[in-house]
Amino acid sequence: MSNRIDLIRNRLVETFAPSVCQLEDESALHAGHAGAASGGGHFKLTIVSAQFENQSRVNRHRLVYDCLGDMMKKDIHALAITALAPSEV
């Protein structure tokens, strides 16, 4: 499971060069949930990147989803995102 977190984190760091990238695996909190049966994990992300400056919340989420696109289909069932620009921290 930690390998999946490392893959997600590495992709985010390569794409956004964030000053903060906190990724938590919350899959255990969702045991028995239908999404858990498919093998996809539940994650919580807090990321701070200059690339989010002057971007709407929706656009920030789209950027993260685009970055993780193929992983969203099998490795990630749910992703709670807090994406901030450095000026918002």
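Side chains included, hydrogens not; waters and symmetry mates left out as well; all remaining heavy atoms used.
Under the 4.5 Å side-chain heavy-atom criterion for grouping Ile, Leu, Val, Met, Phe, Trp and Tyr, Met71 is connected to Leu63 within one hydrophobic cluster. With hydrophobic clusters built from ILVMFWY side chains whose heavy atoms lie under 4.5 angstrom apart, Val13 does not share a cluster with Phe43. A single hydrophobic cluster is seen to contain both Ile76 and Ile81, as judged by linkage of ILVMFWY side chains at heavy-atom distances under 4.5 Å, directly or through other members. Taken together through direct or relayed side-chain contacts under 4.5 Å among Ile, Leu, Val, Met, Phe, Trp and Tyr, Leu12 and Tyr65 form part of one hydrophobic cluster.
In terms of heavy atoms, Gly41 sits closest to Arg4 at N-NH1, 3.5 Å. Residues Pro86 and Glu53 approach most closely at CD-OE1, 3.7 Å, considering heavy atoms. Of all the heavy atoms in Pro18 and Ile47, the pair that sits closest is CB-CG1, 3.7 Å. Heavy atoms only, all atoms of each residue included: Phe52 and Ala83 are closest at CE1-CB, 3.8 Å. Scanning both residues, Phe16 and Ser49, for their nearest heavy atoms gives O-OG, 2.8 Å. The two atoms that bring Ile5 and Leu23 nearest to each other are O-CD2, 3.7 Å, heavy atoms only.
The main-chain N or O of Asp6 is found under 3.5 Å from a side-chain atom of Asn10 such that the two form a donor-acceptor pair. With hydrogens and angles disregarded, no donor-acceptor distance shorter than 3.5 Å links the side chain of Thr15 to the backbone of Cys67.
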Test log, rule salt bridge (Lys or Arg N to Asp or Glu O under 4.0 Å), inputs Arg60 and Glu88: CA-CA 13 Å; Arg60 294 172 188 192; Glu88 299 172 310; 2.7 Å; yes
Test side-chain contact (heavy atoms from CB on, under 4.5 Å) on Leu45 and Thr82; report intermediate values, then the result. CA-CA 6 Å; Leu45 171 66; Thr82 302; over 6 Å; no
When you look at Asp75 and Leu7, which way does the side-chain contact (heavy atoms from CB on, under 4.5 Å) test go after all the steps? CA-CA 10 Å; Asp75 296 306; Leu7 289 171; 5.9 Å; no
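Atom CG of residue Leu84 and atom CZ of residue Arg57 lie 10.0 Å apart, to the nearest 0.5 angstrom. Once rounded to the nearest 0.5 Å, the distance linking CG of Leu68 with NZ of Lys73 reads 12.0 Å. Note that the NZ atom of Lys44 and the CD atom of Glu26 stand 5.5 Å from one another [nearest 0.5 Å].
Between Val89 and Val20, every side-chain heavy-atom pair lies at or beyond the 4.5 Å cut-off.
Ion pair Asp70/Arg11 flagged as a salt bridge, since at least one NZ, NE, NH1 or NH2 atom sits closer than 4.0 Å to an Asp/Glu carboxylate oxygen.
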